[in-house]
Amino acid sequence: PSVLYAKPAVAPQLENRGIWKAAPTLVSGTQAYRDGEWMYQDYLYDDHCAVGVLDPTTPWPETDFIFSPVAGTFTYPTTRRYADNAADLVEFRTKPLAGATAFRVTLNSLTDPGLVGFTIALGISQETQKWPADAGVSSSAAYFVTVHGHSATMTQAGTGRVLQPAPTVSVSVRRRQFTVEVPHTAWDPGKSTVRMSIGVGLWDRAHAHYQLPAVGPATATTPGGGGAAPVGLVNVGPRLNEPWPSLAQPTETIADSAAGELVQPFMWREHEQAYELGVLGSVEPFSANVSFAKLARHVTDNSDIPRSGSTDRIFASHFWFGQGLDPTQVCSRIVPPTSVGARCKGRMVGQLQPYNLYVPSGPAPRGGYGMTLLLHSLSGNYNQYATSHNQVQLARRGAGSIVLTPGGRGPDGGYAGVAEADTFEAWNAVAHLFPLNPDWTVVSGYSMGGFGTYRLAERYPDLFARGFSVVGEASPASGLPSLRNVPILAWNATADELVPVDGTVENTQQLTAAGLRYIEQLFPASDHLKLAP
């Protein structure tokens, strides 16, 4: 497909203009110093605020996100100008100027600057301080800079005294960026190291404070999913230690596994955020110590960005269909049976898209890394295999293979339509970052990813050296002859609830009839999820 070889797309959220020069890291949950700027890269679609009372009208229903539930319960007002994503922080950066300190905040979605606000906490205090504007949280801080629309106020923590002159604000709606300059005559960090935190929320223009989510459903103008102590901040950072998901626990049935995921929902990397905001009302763990001495010397420091192991990353897509999340873009469901096939656009309709990448430790192999596409399951997401045996063992084959799990534009794309394009765009992004060996490319996946393994190998047999389908099938089987030069390893389970063994046997017969090279391994008495960890 041509998109695999296309030049990288340019997303407005990643553009630099004016005083900003440094390239973004595009590695979520990390910080770096580049070109006299410090930057923190946040996660995408992690804007779920605190643990509260579940909104029954949530755009993240458990039935569609069984294996990738969200931890926070916040839901946006239902009008589309909020895009179910208006407070999703993408990046936070700062740099010193001759007479001011500049900050830049980039959001994933922005239709109206007046709908959102954010607060930057600066410095430390002996006691925790209540954040301004009904943010509903506290942390150590000496000063707060609160921005809403085109206005900003700097206050002293504890006393609330307003510092003058006021910060200036410029907004680019196209780039979803706010640039704030705090004059040195109000606050001057000099060459000190400053503790910084940031929180983004929706703004109530009528009452000049953050919107607090109600307990219960959102309305057209008010957010829902609040708790007993509502919190006005939806997405906070820097979060440099968000826990990874773990699939190492024993899995018995789909129902058991789904229940386990709801107890420990880590898939969107916002579990600690939801807990701290909802249970403790705190932003204390979310901060970074920024050295203005390093910034003055234009030090380059990428040491916080992992060179190996599992990372969550961001790329700019050539395709977008609006901003944020569109819950109406359902690609497939089991109940009721739904499939739009190649017409799939996916629910994550914006231009920035997430993916997970595992890089083996050590130097790159001579001739380049292998590339293994590891496709996620129905109702899963790109973090499904992080810390799993699937990811690690596939990466450690031979001299070392990079393992890529694309986001697939949501939980149910089936690797068709735009969800298929998403796979190749993520691959394209990786090819611009690491040397790859085109002769050592494998496609694999679990459940929906197993079906996707057959689908992509059948459609693009010239790209893949082999395929490895786990609890999946070729559907429809008419494409099997194109696997003439793509050997298949298939793992299936005899007690599979979703992919019955009868279909597996028929699939094996079809592979045999087509004269293809394959290995079929059946796991007796195993259910659909037994092989997942």
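Side chains included, hydrogens not; waters and symmetry mates left out as well; all remaining heavy atoms used. Just so we're clear, the structure is a prediction, and the values are computed from it rather than from any experiment.
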In terms of heavy-atom contacts, Ala395 and Pro360 come closest through O-CG, 3.6 Å
Quick one: which residue pairs count as a ring pair (Phe, Tyr, Trp, His ring centres under 6.0 Å) with a foot in residues 468-490, not counting sequence neighbours?
Phe468-Trp491
Rounded at 0.5 Å granularity, tell me how far CG in Leu295 sits from OG1 in Thr94.
7.0 Å
N/O donor to acceptor pairs below 3.5 angstrom from side-chain atoms of residues 458-466, sequence neighbours left out:
unit_1, atom_1, unit_2, atom_2, d
Arg459, NE, Glu420, OE1, 2.8
Arg459, NH2, Glu420, OE2, 3.4
Tyr460, OH, Glu420, OE2, 2.6

Closer than 3.5 angstrom, by distance alone: can the side chain of Asp496 be matched with the main-chain N or O of Ser526 as a donor-acceptor pair?
no
Under a 4.5 Å cut-off applied to non-hydrogen side-chain atoms, are Ile198 and Phe118 in contact?
yes
Nearest heavy-atom contact between Gly370 and Leu436 is O-CD2, 4.4 Å
Nearest heavy-atom neighbours spanning Leu44 and Pro354
CD1-N, 3.7 Å
Let's go through Glu242 and Arg239 carefully: what are the C-alpha distance in whole Å and the side-chain angles of both, what is the deciding distance for salt bridge (charged side-chain N to carboxylate O under 4.0 Å, His left out) to 0.1 Å, and is it a yes or a no?
CA-CA 6 Å; Glu242 269 287 354; Arg239 304 201 320 277; 2.9 Å; yes
Look up atom CG in Asn241 and atom CZ in Phe286, then write down how far apart they are to the nearest 0.5 Å.
9.5 Å
Set out, in order, the CA-CA distance, both residues' side-chain angles and the distance that settles side chain to side chain contact (heavy atoms under 4.5 Å, CB included) for Arg409 and Gln353, then state yes or no.
CA-CA 7 Å; Arg409 293 284 179 148; Gln353 295 295 321; 3.4 Å; yes
Thr311 side chain to Arg313 side chain, donor-acceptor N/O pair below 3.5 angstrom
yes
Indicate the ring-plane relationship of Phe74 and Tyr76, choosing parallel, tilted or perpendicular according to the 30° and 60° boundaries.
perpendicular
Please examine the side chains of Pro487 and Ile519, heavy atoms only from C-beta on, and report whether any two atoms are closer than 4.5 Å.
no
Sort out for me which residue in Leu378, Val470, Leu375 forms a side-chain contact (heavy atoms from CB on, under 4.5 Å) with Tyr446.
Val470
What is the ring orientation for Tyr45 with Trp268, classed by angle as parallel under 30°, tilted 30 to 60°, or perpendicular over 60°?
perpendicular
Salt bridge (charged side-chain N to carboxylate O under 4.0 Å, His left out) between Arg347 and Asp64, intermediate numbers included
CA-CA 11 Å; Arg347 304 180 204 203; Asp64 291 354; 2.9 Å; yes
Could you tell me whether a side-chain N or O of Ser68 sits under 3.5 Å from a main-chain N or O of Ser379, the two making a donor and an acceptor?
yes
May I ask you to check whether Asn437 and Arg366 show a side-chain donor-acceptor distance below 3.5 Å?
no
Could you tell me which non-hydrogen atom of Gln329 sits nearest to which non-hydrogen atom of Gly346, and how far apart they are?
CB-O, 3.2 Å
Within the supplied structure, the quantity of interest is the number of heavy atoms (other residues, nucleotides, ligands) at a distance under 6.0 Å from Arg17 CZ; does it exceed 12?
yes
Donor-acceptor contact below 3.5 Å, side chain Asp301 vs main chain Ser303:
yes
With distance as the sole criterion, is a donor-acceptor pair present between the side chains of Thr372 and Ser401 under 3.5 Å?
yes
Backbone N or O of Ala22 within a donor-acceptor pair of the Arg93 side chain at under 3.5 Å?
yes
With sequence neighbours excluded, give me every side chain to side chain donor-acceptor pair (under 3.5 Å) pair touching residues 469-482.
none
Lys/Arg cation over aromatic Trp244: Arg269, 6.0 Å, 45° cone
yes
Going through the distances and angles, do Asn235 and Asp47 end up as a side-chain hydrogen bond (donor to acceptor under 3.5 Å, both in side chains)?
CA-CA 5 Å; Asn235 197 182; Asp47 48 328; over 6 Å; no
Step through it carefully: locate the ring centre of Phe266, locate the ring centre of His271, and say whether they are under 6.0 Å apart.
yes
Ser308/Tyr358 under side-chain hydrogen bond (donor to acceptor under 3.5 Å, both in side chains): CA gap, chis, key distance, verdict:
CA-CA 7 Å; Ser308 62; Tyr358 187 96; over 6 Å; no
Determine the minimum heavy-atom distance between Gly398 and Trp440, stating which atoms define it.
CA-CH2, 4.2 Å
Is there a side-chain hydrogen bond (donor to acceptor under 3.5 Å, both in side chains) between Ser317 and Glu425? Walk through the geometry before answering.
CA-CA 7 Å; Ser317 173; Glu425 286 197 291; 2.6 Å; yes
Any chance you could measure Met348, atom CE, to Asn108, atom CG, to the nearest 0.5 Å?
9.0 Å
Parallel under 30°, tilted from 30 to 60°, perpendicular over 60°: which one fits the rings of Phe92 and Phe103?
parallel
What distance do Leu357 atom CG and Asp312 atom CG have between them, rounded to the nearest 0.5 Å?
10.0 Å
Do we see a donor-acceptor contact under 3.5 Å between the side chains of Gln384 and Thr405?
no
So, does Asp527 use its side chain to make a donor-acceptor pair with the main chain of Lys530 at under 3.5 Å?
yes
To the nearest 0.5 angstrom, please state how far the CG atom of Asp412 sits from the NE2 atom of His376.
8.5 Å
Spell out, as yes or no, whether a donor-acceptor pair under 3.5 Å connects the side chain of Ser444 to the backbone of Leu374.
no
Full working for side-chain hydrogen bond (donor to acceptor under 3.5 Å, both in side chains) between Asn507 and Glu520
CA-CA 10 Å; Asn507 198 80; Glu520 167 75 13; 5.8 Å; no
Evaluate the side chain to side chain contact (heavy atoms under 4.5 Å, CB included) criterion for residues Phe319 and Val3: first the C-alpha distance (whole Å), next the side-chain angles of each, then the deciding distance (0.1 Å), finally the verdict.
CA-CA 10 Å; Phe319 311 103; Val3 74; 4.1 Å; yes
Step by step, work out the side chain to side chain contact (heavy atoms under 4.5 Å, CB included) result for Leu404 and Asn356.
CA-CA 6 Å; Leu404 164 64; Asn356 180 272; over 6 Å; no
Is there a donor-acceptor pair closer than 3.5 Å between any side-chain N or O of Ser109 and the backbone N or O of Tyr82?
no
Any side-chain donor-acceptor pair under 3.5 Å between Tyr40 and Thr25?
no
Main-chain N/O of Lys294 paired with Ser291 side-chain donor or acceptor, under 3.5 Å
yes
For the residue pair Trp20 / Glu37, report whether a side-chain donor-acceptor contact shorter than 3.5 Å exists.
no
Keeping the roles fixed (side chain from Asn428, backbone from Ala6), state whether a donor-acceptor pair exists under 3.5 Å.
yes
With no hydrogens and no angle check, is any side-chain donor or acceptor of Gln351 less than 3.5 Å from a backbone partner on Val10?
yes
Pair Glu91 + Arg104: basic N to acidic O under 4.0 Å:
yes
For the pair Tyr33 and Asn302, evaluate side chain to side chain contact (heavy atoms under 4.5 Å, CB included) and give the outcome as yes or no after the intermediate values.
CA-CA 7 Å; Tyr33 292 85; Asn302 296 311; over 6 Å; no
For a quick test of reading the model, state the closest non-hydrogen atom pair linking Trp38 to Ala288 and the distance between them.
CZ2-CB, 3.5 Å
